[in-house]
Structure formats: C-alpha cells, structure tokens
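The structure appears right after this line, and notes come after that.
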Amino acid sequence: MPSAESVTERAAALRAQIARHDRLYYELDAPEIPDAEYDRLFRELQALEAEHPALRTPDSPTQRVGGKPLPAFAPVRHVVPMLSIRTETDTESTGALNFDARVRRELKLDDTQPPVEYAAELKFDGLAINLRYERGVLALAATRGDGETGEDVTQNVRTIHEVPLTLVPQPPAGELSGRPSLFDAPSVPEIPEVLEVRGEVYMRRDRFDAFNLRADAAGERTLVNPRNAAAGSIRQLDPAIAARRPLSFFAYGLGEVQGWNVPATHAGVLDALAAFGMPVCDHRAVCSGADALAAFHARIAEARAGLPFDIDGVVYKVNSLALQQKLGFVTREPRWAVAHKYPAQEALTTVQDIEVQVGRTGKLTPVARLAPVFVGGVTVTNATLHNFFELRRKKVRKGDTVIVRRAGDVIPEVVSVLTDRREVGARPYFRPKRCPVCDSAVVREKGEVDHRCSGGLYCPAQRKQALLHFAGRRAMDIEGLGEKLVDQLVDGKLILMLPDIYKLGVLKLSELERMADKSAENLVAALEKSKTTTLGRFLFALGIRHVGEATAKDLARHLGSMDRIMDASEAELAQVPDVGPVVAASIHRFFAQSHNREVVEQLRACGIVWEEGEMQVASGPLVGKTVVLTGALPTLSRDEAKDLLEAAGAKVAGSVSKKTDFVVAGTDAGSKLIKAQELGITILDESGLLSLLGNRES
Ligand code: IVH
C-alpha cells in the first residue's frame, strides 16, 4: 500500500505531466507521446482521484476537456455547444451491446419492443470543425476549443479544397424527383438561412507520407502523425502555410440551423448534406439493433488498414432526431451517441537492439528488437526499419524510446524516435559492411535503396530462405518442410545446394533433433509427391529475382519449355506479356550463370517432372480479365478458385482498382467488396463464377 504522501505526490506528478502533454497536444500541436500513452496517464489519475476524492483539485485535467483558444485566433462562441462523445474501448461486440442496452433502458423499451434504429459511421481521427453557412455561403469556420468557445480558423479552412465555399442549392420539396412544378412561379432553390455543418478535418495517409518525405528532404520539421498534421495546419497562424498542407474534410452532423426543414433522421441529415455538396464518408450504414452495430464494427475493423485515412473507431448514433432529443445529455456527452474504439495502432516502447535480417535475395533489412508492447491488438517485439536509408532518416539508436505502429496485418514499423528521451551516450548505428551471416561483402546496385549480401546461395541465410521459398505451398508444395527443419538442415550442412533436399533419405532425416521416424517418412513422401509439378511452379520455386508466381506462369504458358526459357534472349523474354526489361534482364542473368543451370539439371536428375508444351490459351469471357477474390467461398478454396481463374485466362489481383473487371465475394467479404461497390464493379458469388467458368470454350 503506497503511503498517503506518495499518492499525493503521484497525483501531482500526473497532473503536471498531463498538463504538459495537453499543452503540447492542444496548443502547440506537437505531441510527444501517442494517444494510448496519454490515455494511460489520464486513467491512472482518474483512478487515483476516484479512490482518494480529496486529491481532486478543480484545476485537475480530469475536470475539463482540453484546448484553450490561442490568443492569436479570434474566439467564436458556439450557439450549439460542440460536445464530445462517450467512448467504449473494448475490442469485442460488447461496446455495441452496452450502448444499445443503455439506450433501451433510457427509452424504457422492453424486450418485446422492436430494435432501435442507429446510424453507424466512422470515427475520423482529425480535428473537429464547425462550418457556418449563411444563405449558402461559408461565413465562419471554428474549432471546437473547450466546446463552448472555439477559434476562428476560417482563413485556413477556406484553403481546403473539399470544403465547399457555397452550398449547392436543392430543388424545393416536391421537385426532388425531377418532375416539373405544377405552379407557374419560378421555383426558388432551397438554401437554409443558417446551416452549421460539423465534421472532421483530416489528412490522408498518402498525403501525410508525401508531405513528410518532402519536408525531410528540405531539412524541415516532419509531422508526427496525420491527426496532428491536420490539427497543426488548421491552427497555423499563417494561412499560406496551411494552404500547402493537403487536408480533407468529412461532415458528420449539424450545429445551429435556421430556415431549413431538418430531415427526421441522422442518416437523412447526412444524405442532405451530401446533396448540398458536403463531403460525407461512404462508409456509413443504418443498423437495426445491437447485432447490426457489432457487425458494422467488425466489418470496419477489417477494412480499417485499407482505408486511405486513419480512424480510431466507429460511432453509433440513434438515428431518429426526435429520439435523440428525448435521450438528451449527461454532462457534456449525449446519451444517444457512443464511440466504439479499436485498439490503438501506435504505442511507445524501447529499442533493445538493432539487428539485420538477410532475406532470400540477400536484401538486408534492419530490424528493431523491442521491449514487448501491445499495439494494434497484438504484442509486438520486432519492428522493421525497412532499409538503411530509412534508419538513417529516422535516426534510431539502441536504447531509444520509439513510437511503433501496427496497422492491420501490416508489418510493425518504427514511426519515430522521442529524441528528448534519449540516454546520454547512446551511439548512432552504423550499417555493416559485411553480411552478418556469411561475412560476404554488402553491395548496393545503383539506383536501388536496398543493400544486399553478395554471398548468394553461399550465404546460409539466403540458402534457408531460398529453401523455404522452394518448398512453399505455391511453389513445390513440400509439406512439412518448415522453418525449424530448414534451420537444422542448413546449419548442419546437410543441404548445401537446393537439389540436396531430394537426396535426404529417411535414415539421415531421422537422425535430426526432434524428428521421429514417422515424420521423416512423411517428409520423404512429401518430397516424392512434390516431384510431379508444373513448369510454372518449378520456375517460381527457383526464386529468380522479380519472377513472382504470375510471371512464372506467364513464362511457362508462352515459352512452353524449360530449355526455351533458359536459352531465351532478353528480347525474347520481353515478348512475354507483363515481362518488362527489368524482369527479362533478371531472368537472363540468372540463367547465364552456370551454377544456376547446374541446379536445374540436378533437380531434373532427381526426378522432377512437369508437362511441357505451350499452354492452350483459353478463350471465353474471362480471358484477359482481372479478378479479385474476397471472403470465403462456400465450396472452392482460395487457391482452387485462383487456379481455375488462371486456367481460364484471367489474372487474379490482390486489390480492387478501376482496372478490376470482376470481384468474387464470399462470406465475410470486407473492404474489397465495399470498394468494388463504390467503383461499380461487377460482383459475383461462387455460382456466378462457376457459370462464367462453365461458359469457357477451350
Ligand atoms: S459526433 C454529439 N461523429 O470525435 C456528438 N464525432 O468526442 C458529437 N469525431 O472531437 C460528435 N468522427 O471531432 C462525431 N463520425 C463522427 C466523428 C466524430 C470523429 C470526433 C469529433 C470529436 C470527437 C468526439
């Protein structure tokens, strides 16, 4: 039990720290710590104060919501206060259930009554803004400030191209369907006397990255994250600087309204705002009851990493404005809305070491070994630094406190270093001149960012990766040849060259650690099975630089035989669709080396076989089409669908773009389906796909 004095001291220390971070965040737009870290401090103080109410001072940061207006901007009093929303932070569906239960309780609905209708939307991670339109013209833009009084940032907001300076007039009611008015009088377009639109100013991730690259190259200060970039730009005193920052805007609600027939629902309000020309995010839905809200939460969680901007959760609002009014507010939070957050994508941790990994093609990747930290829903212990230029740019040192980011399934990365927390004497990192695994020279080709080990398959690290790639599911598909086994085989010098894998017998294998006779037999059987393959798989398995699965298949299809591919000139190779000069040169270079040809010969001698002959180029509705698969199909596996599509002459792509011809969607299809709908791409289910495949005449 801590002493009374230490509790008092701790509370005071927390208050001082939080006050400092508030100032850095709200007034200087230069935060030093991620939100999650701030939340932790804040919660600790809240807990202390709850336990010892005597410690709660009126000026405690728990007693107000941040942000004094800067003296340099004129204060703006909000006619309708700008509120904040209550937050649910769990990762499960209980956030939606709790909210729905609360709403039903407040509305005195029992289980026999129908579900409440909600509007669900994204919680954008930017800066709240109130846009005031007077007779359709943007008259004033203000920040939230403390909710009652914000700052006049009109000049800066005007520089955001997505914010309309005038509202698009709407045809009067009755003319919405385009029918001519029954009256002779010319129709007066409907423009509200006063319309305050509330929403979020934000910065897209790609624009943020581009901005930082440029700032870094110019030796200027880089921005911490897109949210601060947005906030910092809007509260920039010089509008010319604000204008150079590429900001965006999404509307999500209303403030004061005069002279306008407000729609009856929140969803209706958003539709009307969109019709006035306001940007409204398409990722929104009307949900009936808690389960539909939870499904929205789950769907957006999956789409989150693929969105072009940051969100930190979703927002649920009671759809009926009449019910909203009935529910009202508690202190500063409406009872009719809640933010359901996702786990933070950024967190603070320390770098315990900087190591270098050697990949299949010899690429050296600096990796930060981290003190374990929970971020993006998982515990992270490593983060990539991508390459040595990136490492130098971010100036990461051993012992540093860093912000790590993990978005979706993306590999965790170090975002930036908190240099003011650096220990004195922390030494800068120097790139190794020799491969840390095999001691070969490290080289970098002109015009490339990556450094590589020049050891080729002499380097055990490259050999291991090459072997894993060779055995991979979409290459030779050798079941049971995993990382641990490959480590043993290479470290024990049982495999010096790829073909050695086929020379291992049950006897040799069962001598290995943790290798039972049965598993040795299984592996030998898997090796035997893998020997019957296709030319495309074999070519892909060789791991030639720039030759991915699709290119390997194209080469096999167009050139038909291994000998022809090995002997093709660069020009002949470049004839193959989708093979450009870089790829052609890489293939040519690979087969110009006698040891690579030797590997192919030896593998053939081991009994690896495939059918040769130029493949029939299919005809039918799928030839040359680009198809994206998403979600789980009822009967076909992802690989089976892919193989069938490719056999029918289609290309299977990983992401949806304007070039996509079809999207095949199964259950739990996420962001790809949403995007396809937005782009108006033809969407098929499995039976639709099968019927197109059935139409193929070949
Ligand atoms: S509605 C009365 N909707 O979250 C409800 N807010 O604490 C007022 N935010 O800073 C807010 N996305 O800027 C609402 N779709 C959304 C939002 C959203 C982001 C921000 C808002 C405010 C905070 C609310």
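Every number for a ligand or one of its atoms is a count from 1 in the order of the listing.
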Here the gap from Ile683 atom CD1 to Lys672 atom NZ, rounded to the nearest 0.5 Å, amounts to 13.5 Å
With a 4.0 angstrom cut-off on heavy atoms, strictly below it, pick out the residues next to ligand 1 and order them by chain and number.
Leu83, Ser84, Ile85, Glu121, Leu122, Lys123, Phe124, Ala128, Glu200, Tyr252, Val315, Lys317, Pro334, Trp336
With sequence neighbours left out, the residues meeting side chain to side chain donor-acceptor pair (under 3.5 Å) with Asn225 are Asn228
Would you say the ring centroid of Tyr118 lies under 6.0 angstrom from that of Phe296?
no
Side chains of Thr143 and Phe73: closer than 4.5 Å at any heavy-atom pair?
no
Please say which of Arg227, Arg207, Arg205 ends up in a salt bridge (charged side-chain N to carboxylate O under 4.0 Å, His left out) with Asp310.
Arg205
Go through it in stages, so that I can follow the logic: the residues are Phe276 and Tyr133, the test is ring pair (Phe, Tyr, Trp, His ring centres under 6.0 Å), and I'd like the CA-CA distance, side-chain angles, deciding distance and then a yes or no.
CA-CA 11 Å; Phe276 277 129; Tyr133 290 86; 8.6 Å; no
